[in-house]
Amino acid sequence: MADNSDMADLLFKDITLTPEDYEERYPKRNVKDGAVVTRFAPSPTGFLHFGGLFAGFIGKTAAAASDGIFYLRIEDTDKKREVENGAELIIEGLKEYGIEFDEGVVSSTEDKGDYAPYTQSKRTEIYQAYVKRLVEEGRAYPCFMTEEEIAEVRKKQEEEKLLPGIYGKYAKYSGITADEAKRLIGEGKEYVIRLKSPGVPGGRIKFKDLIKGEIEMDENILDVVLLKKDGTPTYHFAHAVDDHLMRTTHVIRGDEWLSSVPIHLQLFRVCGFKPVKYAHISPIMKTENGGKRKLSKRKDPEMAMSFYNEAGYPVGAVWEYLMTLANSNYEEWRACNKTAPITDFKFTFAKMNKAGALFDMVKLNDISKNYISLLSAEEVFDLAAQWAKTYDEELYSLLAQDEEYAISIFAIDRGGKKPRKDIAKWSDVKDYIEYFYTELWDGKRDFAQTLSNADKTQILEAYKKVYSEDTTAEEWFPQIKEMAVELGYASSPKEYKASPDSFKGHTGDVAGVIRAAITGRQNTPDLYEIMQVLGAEETIKRIDEAIKILK
Ligand code: GLU
């Protein structure tokens with residue numbers, strides 16, 4: 001092994017701790033065999049998008065399923081991308097969707113866990129200790145090439161159709177001596193530290209990606225930058241050191257990083273680290289004009305988490321949907337395990353879509369409707385009110401003014417074998433409950449056009465006579481039927497169809513007139529229950545109003 005201690009001391013005179021010191025400070029984790037230790041590692045851009053949430057969800061799920069650890073690391077090596085409170089905004093955004101961490105950054109001033117600090121800008125000395133060792137071993141060197149020189153090299157390589165970058169004969173400083181470096185530094189020249197890549201042209205590497213399967217790629221031959229001019233690391237190098245020292249077992253990230261794996265695996269090797277397992281997630285796709293394209297931050301509102309917040313999708317429903325996107329066999333499992341907690345499902349990387357899961361708004365809504373249909377009336381009330389508090393003041397005050405009344409509305413047609421699925425998101429609630437609140441309802445009646453106004457009035461007048469608040473649910477429909485028959489309607493659609501000229505319509509038409517009179521609508525949940533919630537006074541008042549309108 002080369003001994004370049006002179007060079008190492010020249011470049012890193014203030015770095016006194018060694019890789020061994022850090023190995024000791026951040027020991028192997030005490031987790032059971034097979035535990036997934038993984039991380040979510042955003043840049044502090046403040047912007048959490050659906051793809052980020054999906055990656056976070058996968059990390060959280062994989063760790064939880066194996067009694068592992070899921071931690072949050074903030075990757076702020078690129079200061080240009082940083083926004084104020086960026087980390088906090090992302091942490092908040094994830095938390096809103098139930099993604100919390102076992103350890104990592106908690107806020108810009110606080111960490112939780114034994115592998116702190118979890119923010120890359122607070123770990124500069126650690127990276128430098130490792131680079132110092134690489135320099136000592138002759139595996140890294142200071143490179144004084146100027147931007148102009150690099151641009152010139154690149155131009156030449158382009159002309160000759162060669163791989164662009166600093167490597168082999170283009171690596172002007174790869175053989176630099178400590179004396180020369182000292183002289184250049186004395187002249188005030190700036191430098192970066194580059195890896196002296198052990199890769200050879202034509203060399204290939206193979207690795208198994210947990211999602212994409214066996215992958216073979218060109219080995220890295222570039223003398224990539226490890227430390228920038230200001231001594232801070234590049235993402236590539238920081239990732240290797242951090243994932244090693246934080247004892248990460250699985251790196252789960254977007255597949256835009258797939259092409260960097262040859263660099264990363266080489267860095268693990270030269271540093272003597274055990275390689276991590278990689279799972280590269282394909283971007284979420286969307287169909288458009290018969291084709292497919294990536295969901296885009298710029299074009300698709302559903303890419304921003306604010307879209308889901310404003311619409312008011314319950315977290316549980318979003319999780320259901322995320323799992324559907326994650327594992328193709330989830331829906332089938334759910335169909336057989338309707339009420340089991342989502343964490344009972346056995347998530348696997350192998351079942352993730354290699355080509356990118358397809359985002360489907362209709363499906364999200366269906367899943368969410370189903371999810372909400374299985375909640376109790378109290379849960380629906382709590383979640384809807386919580387959402388309304390931020391997004392719809394009017395709705396919030398109506399719900400809050402009489403909690404019991406609101407819960408009795410949500411209880412209609414709930415809890416049975418076939419609950420109704422009218423609400424996909426909390427922003428649907430206002431429309432759903434509209435006719436229960438005079439403050440919301442405009443009183444318009446949308447009657448079906450099959451009967452004349454005189455017939456409708458006759459039905460309503462007759463119903464007023466038989467209506468009683470004490471009628472039971474069992475008695476109610478037979479009562480309507482009896483009344484219908486007396487008024488000249490067929491008792492069932494079947495009977496009506498057999499001899500349409502003998503009747504004005506059938507019981508369903510009669511009930512429809514009463515429904516529209518009371519709710520304004522042709523389609524509602526159970527009308528009997530609606531009337532019970534409204535009470536006798538309001539029910540009669542509405543029938544009278546409807547009669548007036550029909551005159
Ligand atoms: N900091 C990287 C990003 O912002 C994350 C890559 C990784 O997870 O390794 O995309």
Side-chain angles (χ1 to χ4, degrees), residues 36-63 68-83 85-91 93-94 99 101-105 108 115 117-124 127 207 209-212 215 220 224-226 228 232-268 271 273 275-284 294-297 303-305 349 352 356:
V36 171
V37 177
T38 191
R39 77 293 191 286
F40 187 60
S43 297
T45 55
F47 184 66
L48 176 70
H49 55 73
F50 191 76
L53 178 73
F54 185 54
F57 173 78
I58 301 296
K60 168 115 191 141
T61 301
I69 303 280
F70 182 49
Y71 70 87
L72 176 69
R73 183 169 73 223
I74 296 296
E75 305 208 320
D76 56 349
T77 54
D78 184 357
K79 288 290 170 194
K80 287 194 288 291
R81 293 183 66 195
E82 189 160 344
V83 303
N85 287 330
E88 273 94 347
L89 287 169
I90 290 178
I91 294 170
L94 289 162
I99 311 281
F101 297 93
D102 301 309
E103 61 183 61
V105 175
S108 57
Y115 294 80
Y118 294 91
T119 300
Q120 291 186 325
S121 59
K122 296 178 183 166
R123 300 172 62 81
T124 308
Y127 307 121
F207 69 98
D209 186 88
L210 293 172
I211 297 170
K212 308 217 176 222
I215 293 185
N220 173 56
V224 290
V225 175
L226 304 178
K228 298 182 263 192
T232 63
T234 54
Y235 162 71
H236 297 311
F237 189 64
H239 144 59
V241 171
D242 290 345
D243 280 322
H244 169 67
L245 285 181
M246 295 178 185
R247 309 295 171 175
T248 308
T249 60
H250 290 62
V251 166
I252 303 167
R253 61 186 177 188
D255 73 356
E256 68 272 23
W257 295 105
L258 193 59
S259 59
S260 303
V261 172
I263 297 175
H264 297 166
L265 285 177
Q266 191 171 70
L267 289 172
F268 275 85
C271 292
F273 303 156
V276 290
K277 292 196 170 76
Y278 284 105
H280 286 94
I281 303 176
S282 305
I284 294 175
K294 285 185 201 173
L295 209 57
S296 140
K297 276 182 234 173
M303 191 60 158
M305 288 321 295
F349 287 108
M352 286 189 71

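Order of listing sets the numbers, starting from 1, for every ligand and every atom in it. Small disclaimer: the values here were computed from a predicted structure and weren't measured.
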| query | How close does the nearest protein non-hydrogen atom get to atom 7 (C) of ligand 1, and which residue and atom is it? | reply |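 Checking every protein heavy atom, the shortest distance to atom 7 (C) of ligand 1 gives Tyr235 OH, 3.1 Å.
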| message | Students should be able to answer this: which protein heavy-atom is nearest to atom 10 (O) of ligand 1, and at what distance? | response |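 For this ligand atom, the closest protein heavy atom is Trp257 NE1, 3.4 Å.
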| So do the side chains of Leu53 and Met305 get within less than 4.5 Å of each other, counting heavy atoms only? |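 A side-chain contact under 4.5 Å exists here.
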| message | Can you confirm, on distance only, whether ligand 1 has an N/O atom lying under 3.5 Å from any N/O atom belonging to Ser43? | response |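 N/O-N/O distance under 3.5 Å: yes.
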| query | Does Ala41, backbone or side chain, put an N or O under 3.5 Å from an N or O of ligand 1? | reply |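 By distance alone, the answer is yes.
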| request: With heavy atoms only and a cut-off of under 4.0 Å, state how Arg39 meets ligand 1: side chain, backbone, both or neither. | output: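 The answer is the side chain.
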| query | For ligand 1, does Phe40 get within less than 4.0 Å through its side chain, its backbone, both, or neither, judged by non-hydrogen atoms? | reply |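 Answer for Phe40: neither.
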| request: Pull out every atom of ligand 1 sitting under 4.0 Å from any heavy atom of Arg253, numbered as shown with elements. | output: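 So the answer, numbered in order with elements, is 7 (C), 8 (O), 9 (O).
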| message | Only heavy atoms of Glu75, strictly under 4.0 Å: list the atoms of ligand 1 that pass. | response |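 Contacts of ligand 1 toward Glu75, numbered from 1: 1 (N), 2 (C), 5 (C), 6 (C).
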| query | Is the His264-Phe273 ring centre distance short of 6.0 angstrom? | reply |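 Centroid separation for His264 and Phe273: 6.0 Å or greater.
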| query | So, for Tyr278 and His280, is the gap between ring centers shorter than 6.0 Å? | reply |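 Between His280 and Tyr278, which both carry aromatic rings, the centre distance is below 6.0 Å.
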| said: Once ring pair (Phe, Tyr, Trp, His ring centres under 6.0 Å) is applied, do any residues pair with Phe101, and if so which ones, sequence neighbours excluded? | reply: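 Expected list: Phe70.
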| request: Could you grab the distance from atom CZ of Arg123 to atom CG of Asp242, nearest 0.5 Å is fine? | output: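 Here the rounded value is 4.0 Å.
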| Does the pair Arg73 and Asp243 meet the rule for a salt bridge (charged side-chain N to carboxylate O under 4.0 Å, His left out), with working shown? | CA-CA 10 Å; Arg73 183 169 73 223; Asp243 280 322; 2.9 Å; yes
